Amino acid sequence: MSTLLIRNARLLVTMDAQRREIAGGAVLVRDNVIEAVGASSELPATADEVIDAHDQIVIPGLVNTHHHMYQTLTRACVQDNELFGWLQGLYPIWANLTPEMVRVSTQAAMAELLLSGCTTSSDHLYIYPNGVRLDDSIEAAAQIGMRFHAARGSMSVGQSQGGLPPDRVVEREEDILKDTQRLIERWHKPGRFAMQRIVVAPCSPFSVSRELMRDSAVLAREHGVSLHTHLAENDNDINYTREKFNCTPAEYAEQLGWLGPDVWCAHCVKLDAAGIALFARTGTGVAHCPCSNMRLASGIAPIRAMRDAGVSVGIGVDGAASNDAGHMLGETRMAMLLQRVAHGPVKGPSAMSAREALEIATLGGAKVLGRDDIGALAVGMAADIVTVPLGEIGVAGALHDPLAALLFCHVPRIQHSIVDGCVVVRDGRLATLELPVLVERHNALAAQLAHAAFSTH
């Protein structure tokens with residue numbers, strides 16, 4: 001059994017039940033589990049590996065609840081459209097994805113997340129051309145060392161049936177359900193500290209049928225796995241649901257069995273008061289994606305109202321073609337600032353503080369993903385730990401409150417990232433893969449993908 005000790009932190013932010021913030025804090029890890037948390041003077045001074053964090057803040061690993069990692073290959077494309085036009089511009093490009101592109105883009109997205117404080121991520125892969133399988137993402141994640149919730153997305157209603165995607169990128173529903181069950185049986189790990197879980201995730205109301213939504217919910221609950229989809233993202237999304245199904249998105253979800261603590265929905269920018277109340281009453285979660293919502297001009301999600309009502313909310317960086325970044329600390333900062341834009345000053349319950357934003361990015365994300373073993377630095381929790389240097393110019397002058405400095409100031413990269421007790425980022429550098437080699441191959445594949453799309457027109 002190996003031990004890891006992180007000690008002498010300028011500040012250790014536990015996010016435990018008491019929300020302790022410990023000056024000069026330390027955390028002791030045995031194998032992949034936290035064994036002790038407290039002041040450095042109270043914990044052992046030695047371990048198999050010791051990290052001195054005297055000029056750093058130590059926080060729980062951040063939890064990303066929504067992403068489309070393959071989209072790192074198409075950043076800054078279709079720059080001036082809302083959601084539907086943006087998708088219609090990109091579907092023909094994504095139709096040329098290959099298994100290698102999915103593997104490499106998954107690792108590129110995860111590298112960016114790991115270097116920005118994220119240790120657990122969901123990913124929603126919903127397009128499967130040219131032999132692509134979700135297995136490609138799962139195997140890539142295992143190699144880089146990220147805790148991973150792989151969402152088996154799907155699209156089954158093409159343009160000829162009134163859906164948004166071209167017919168050539170949709171699948172038969174029986175094939176979707178069969179492959180989803182295969183993935184659950186092959187990859188899903190239900191126990192505490194699991195590094196990989198499978199999620200059942202039809203893409204959206206405008207790309208799958210009511211029948212697939214219902215059947216997916218039944219399949220997920222038969223196997224005890226979570227459910228995920230996009231919902232109420234923008235005005236066109238709302239209009240589509242009203243015209244096709246004669247109801248609001250929240251009512252649509254309720255009709256199909258898509259509410260409960262095993263369900264979380266991305267965006268929910270246009271979730272109305274009745275929908276918020278329904279989500280709160282049923283324990284349904286929300287992945288808040290502020291940068292994507294701004295990029296596509298979808299609006300500002302009513303996160304303050306959701307939180308006040310008791311809805312579980314996590315942060316999602318969303319796809320890297322609609323953000324176009326995957327910086328988890330940066331996304332958390334934007335979530336905090338955007339609520340202030342929407343709701344005014346922070347006095348009273350009107351906006352969002354740095355501490356609440358960090359809580360949403362850690363404990364909030366863990367709850368949304370249905371986990372009680374990540375999101376806090378406490379005895380018996382998974383050893384997912386991040387340290388951030390405080391000697392950078394971007395936080396100079398803010399060290400009277402190191403936690404606030406993380407979200408009010410600019411922190412480009414973290415110092416160390418420990419996932420499941422393993423050091424995945426050391427001294428600001430990815431330890432599991434050669435990042436320059438990964439970036440070079442990723443850029444070559446992105447160029448290949450763009451060329452393939454261009455040559456078909």
Side-chain angles (χ1 to χ4, degrees), residues 62 64-97 101-118 121-127 137 140 144 146 151 153 203-204 230 233-234 237 266-267 269 287-301 314-338 341 361 410-413 430 435 438-454:
L62 307 182
N64 177 36
T65 59
H66 187 64
H67 208 333
H68 306 292
M69 294 183 178
Y70 73 90
Q71 292 181 12
T72 58
L73 293 160
T74 52
R75 293 191 209 251
C77 292
V78 192
Q79 297 174 14
D80 300 311
N81 291 74
E82 57 75 49
L83 175 64
F84 280 22
W86 174 83
L87 283 168
Q88 288 167 330
L90 283 164
Y91 284 139
I93 302 175
W94 296 337
N96 295 296
L97 285 168
M101 289 175 182
V102 170
R103 288 193 298 271
V104 172
S105 61
T106 296
Q107 292 187 340
M110 288 185 169
E112 187 174 13
L113 288 169
L114 287 164
L115 290 166
S116 64
C118 182
S121 184
S122 174
D123 183 50
H124 192 188
L125 180 61
Y126 56 79
I127 188 167
S137 294
I144 200 170
M146 174 161 261
C203 185
S204 62
H230 298 87
E233 186 167 352
N234 76 351
D237 192 358
H267 302 291
V269 175
H288 175 41
C289 309
C291 288
S292 174
N293 295 342
M294 288 189 287
R295 207 285 212 179
L296 298 178
S298 298
I300 302 174
I315 300 295
V317 301
D318 201 13
S322 68
N323 186 319
D324 295 34
H327 196 294
M328 191 62 188
L329 267 175
E331 198 74 27
T332 305
R333 178 179 190 266
M334 195 59 67
M336 177 188 74
L337 296 179
L338 200 55
V341 171
H410 176 67
V411 181
R413 284 196 179 187
L430 193 64
L435 190 57
L438 176 64
V439 170
E440 182 178 10
R441 184 58 184 158
H442 185 271
N443 283 332
L445 291 171
Q448 180 182 318
L449 185 64
H451 177 75
F454 180 77

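Because the structure is predicted, anything quoted here is derived from the model rather than measured.
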_Nearest heavy-atom neighbours spanning Gly326 and Leu113_ = O-CD2, 3.3 Å
*asked:* Rounded at 0.5 Å granularity, tell me how far NE2 in His124 sits from SG in Cys203.
replied: 5.0 Å
*Just by modelled atom types, is the Val317 backbone N or O under 3.5 Å from a matching donor or acceptor in the Asn64 side chain?*
yes
*Considering non-hydrogen atoms only, spot the tightest contact between Asp324 and Ala76 and give its length.*
OD2-N, 2.6 Å
*Identify, with sequence neighbours excluded, every residue that meets side chain to side chain contact (heavy atoms under 4.5 Å, CB included) alongside His442.*
Thr72, Leu73, Val104, Ser105, Ala108
*Please identify each residue that fulfils side chain to side chain contact (heavy atoms under 4.5 Å, CB included) with Ala335, with sequence neighbours left out.*
His288, Pro290, Ile315
*Euclidean distance, Ser204 OG relative to Leu87 CG, rounded to 0.5 Å*: 7.5 Å
*Output the distance between atom SG (Cys118) and atom NE2 (His67), rounded to the nearest 0.5 Å.*
8.5 Å
*Heavy-atom side-chain proximity of Glu331 to Asn323 below 4.5 angstrom*: yes
*Under a 4.5 Å cut-off applied to non-hydrogen side-chain atoms, are Ser122 and His66 in contact?*
no
_Residues in ring pair (Phe, Tyr, Trp, His ring centres under 6.0 Å) contact with Phe84, at least two apart in sequence or another chain_ = Phe206
_Taking Gly85's backbone N and O only, do any of them form a donor-acceptor pair with Glu82's side chain (distance below 3.5 Å, no angle check)?_
yes
*asked:* Tell me whether the rings of His267 and His230 are parallel (<30°), tilted (30 to 60°) or perpendicular (>60°).
replied: parallel
*Under 3.5 Å, is there a donor-acceptor pair between the side chain of Arg295 and the main chain of Ala321?*
yes
_Partners meeting side chain to side chain contact (heavy atoms under 4.5 Å, CB included) with Asn81 (sequence neighbours left out)_ = Val78, Trp86
*Shortest non-hydrogen separation from Leu430 to Leu115 and the atoms involved*: N-CD2, 4.2 Å
_Nearest non-hydrogen partners of Cys291 and Met334, listed with the distance_ = SG-CG, 3.8 Å
_Quick check for you: to the nearest 0.5 Å, what is the distance between Ser298 atom OG and Asn234 atom CG?_
4.5 Å
*Where is the tightest heavy-atom contact between Leu296 and Ser322, given as atom of each residue plus distance?*
CD1-CB, 4.0 Å
*Between Gly299 and Val269, which heavy-atom pair has the shortest distance, and what is it?*
C-CG1, 3.7 Å
*Please round to the nearest 0.5 Å and tell me the distance separating atom CG of Leu62 and atom OG of Ser116.*
7.5 Å
*Check salt bridge (charged side-chain N to carboxylate O under 4.0 Å, His left out) between Arg413 and all other residues, then give those that pass, not counting sequence neighbours.*
none
_List the residues meeting side chain to side chain contact (heavy atoms under 4.5 Å, CB included) with Ser137, not counting sequence neighbours, and say none if there are none._
Val102, Thr106, Asp123, Leu125, Leu134, Phe148
*Is the backbone N or O of Ala109 less than 3.5 Å from a side-chain atom of Glu112, with the two atoms forming a donor-acceptor pair by type?*
no
*Can you tell me how far CE of Met101 sits from CD of Gln448, rounded to the nearest 0.5 angstrom?*
4.0 Å
